[in-house]
Amino acid sequence: MSQAVPFESKVWLSSPTMHGEELEYVKQAYESNWMSTVGENINEVERLAREYVGRKHAVALSSGTAALHMAVKLAGVKPGDEVLCSDMTFAATVNPVMYEGGIPVFVDSEFDTWNMDPVALDKAFELHPSAKVVMLAHLYGTPAKCKEIRRICDEHGAILIEDAAESLGATYLGDQTGTFGDYSVVSFNGNKIITGSSGGVLLTDDGDAADKARKWSTQSREAAPWYQHEELGYNYRMSNVIAGVVRGQFPHLEEHIAQKREIWARYCNAFSDLPVSMNPFDESTCEPNYWLSCLIVDREAMAKQVRGEHEALYVPESGKSCPTEILEAISALNAEGRPIWKPMHLQPIYRMNSFVTREGNGRAKTNAYIAGGAIAGDGLPLDAGADVFHRGLCLPSDNKMEPWQQDCIIEAVRRCFE
Ligand SMILES: *Cc1c(COP(=O)(O)O)cnc(C)c1O
């Protein structure tokens with residue numbers, strides 16, 4: 001087969017998809033001169049977010065990261081406090097713990113949803129009994145095992161912060177992600193399922209907490225005729241212009257999810273005879289929002305691949321492939337793929353932090369860099385995060401990708417295994 005011709009315009013991993021209403025709400029903000037961090041768009045974003053997800057309160061903020069920072073403060077994390085965190089996630093999940101001087105302890109992932117392993121979380125509480133806060137992310141729009149994790153948190157009297165930045169619209173046993181945390185967070189960053197170009201929302205049922213976050217995010221001004229300050233403040237409020245974009249996107253959330261579901265299903269069908277599988281979930285418990293379609297290469301079909309801190313090498317082998325080779329093939333088509341989010345316990349910045357697998361202290365038991373090098377009692381790699389990172393990748397998942405373009409991408413992936 002001849003080499004495919006690259007796309008004339010790039011197919012992105014996940015880019016903003018606009019519809020027109022966004023511009024109307026932005027224009028209203030402009031024409032009424034509500035161009036700051038107050039206005040109808042902000043009020044509407046808060047109403048839409050809390051009603052859609054099903055929480056009592058929503059606070060619109062400048063980013064998901066800002067919302068996570070407010071959540072960490074509300075949870076009362078103080079310097080030196082250990083916080084049990086999802087390990088395979090975007091760094092923005094855990095960095096806010098550091099902003100408050102907390103110490104992230106990384107909890108390994110499971111192979112059913114690629115999210116925090118409840119068994120490993122149990123172990124983490126055993127090894128770090130003083131931990132009182134858990135930070136849980138739903139990777140790529142697939143809900144974690146929310147009920148089990150909530151139960152374990154309750155057993156230990158721990159506060160659960162839920163990072164639903166990637167998973168708006170996904171449900172677990174019928175409940176929206178964003179309803180499981182004491183404090184939950186959604187992001188409207190440009191690549192998320194709906195976007196404001198930036199922005200985020202903090203969700204909670206605790207009215208006092210919402211009021212505090214609102215105050216802290218607007219420089220902690222006290223009720224006084226002058227600027228009066230009793231607490232540290234932040235400039236974290238959402239702009240009414242950005243809120244106009246988010247407001248215009250909300251009616252299109254279901255449509256975006258349907259498009260992403262179709263993209264995922266199309267890949268899933270097309271790869272059914274290849275030695276790969278798609279990012280997994282349990283149909284009987286959850287409905288993802290399918291934000292990103294990912295694949296993972298079967299262990300037996302992995303070509304040799306080695307990753308340093310900044311570069312990767314692989315040895316091509318007939319009938320086998322690896323993420324590095326597949327990502328090169330996707331890139332050659334002028335499309336954007338990406339490795340699986342590199343787990344936090346493998347990141348140089350967090351190399352001194354504890355890492356807990358389902359069998360206990362992951363740092364002591366395995367050289368985490370050798371994916372699959374240590375096998376647990378259940379026959380699976382001990383370090384699930386390193387293993388999924390080694391074998392997995394994110395496929396182009398843009399709403400605006402045409403079926404013929406997806407077919408070209410599928411063909412390019414298939415050729416890697418020839
Ligand atoms: C995008 C993202 C964030 C951060 O959201 P921003 O709005 O970009 O600050 C946090 N956590 C996860 C898992 C994300 O994907």
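Values below: all heavy atoms of this structure, side chains included; hydrogens, waters and symmetry mates excluded.
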Reference residue K73; test side-chain contact (heavy atoms from CB on, under 4.5 Å); the match among Y183, Y99, W216 =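 Among Y183, Y99, W216, the one that satisfies the side-chain contact (heavy atoms from CB on, under 4.5 Å) with K73 is W216.
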
Keeping [X] on the side-chain end and [Y] on the backbone end, is there a donor-acceptor pair under 3.5 Å?
| X | Y | answer |
| --- | --- | --- |
| D163 | L136 | no |
| T93 | F90 | yes |
| D81 | I103 | no |
| Q406 | W404 | no |
| R47 | E44 | no |
| D205 | R55 | no |
| N399 | Q259 | no |
| T204 | D182 | yes |
| T357 | E359 | yes |
| K260 | S397 | yes |

Hey, is K215 close enough to E231 for a salt bridge, meaning N to O under 4.0 Å?
->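 Judged by the 4.0 Å cut-off on N to carboxylate O distance, K215 and E231 do form a salt bridge.
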
salt_bridge(E46, R237) N-O dist < 4.0 Å |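 Between R237 and E46 there is a salt bridge, with a charged N closer than 4.0 Å to a carboxylate O.
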
Pick from T142, N289, T177: which one makes a side-chain hydrogen bond (donor to acceptor under 3.5 Å, both in side chains) with S167?
->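 That would be T177.
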
Write down the atom of M70, the atom of S217, and the distance for their closest heavy-atom approach.
->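 Minimum heavy-atom separation between M70 and S217: SD-N, 4.4 Å.
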
Return the set of residues passing salt bridge (charged side-chain N to carboxylate O under 4.0 Å, His left out) with D175 (not counting sequence neighbours), or none when no residue passes.
->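 Listed in chain order: K147.
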
In terms of the angle between their ring planes, are H252 and H19 parallel, tilted or perpendicular, with boundaries placed at 30° and 60°?
->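 Geometry flag for H19 against H252: parallel rings.
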
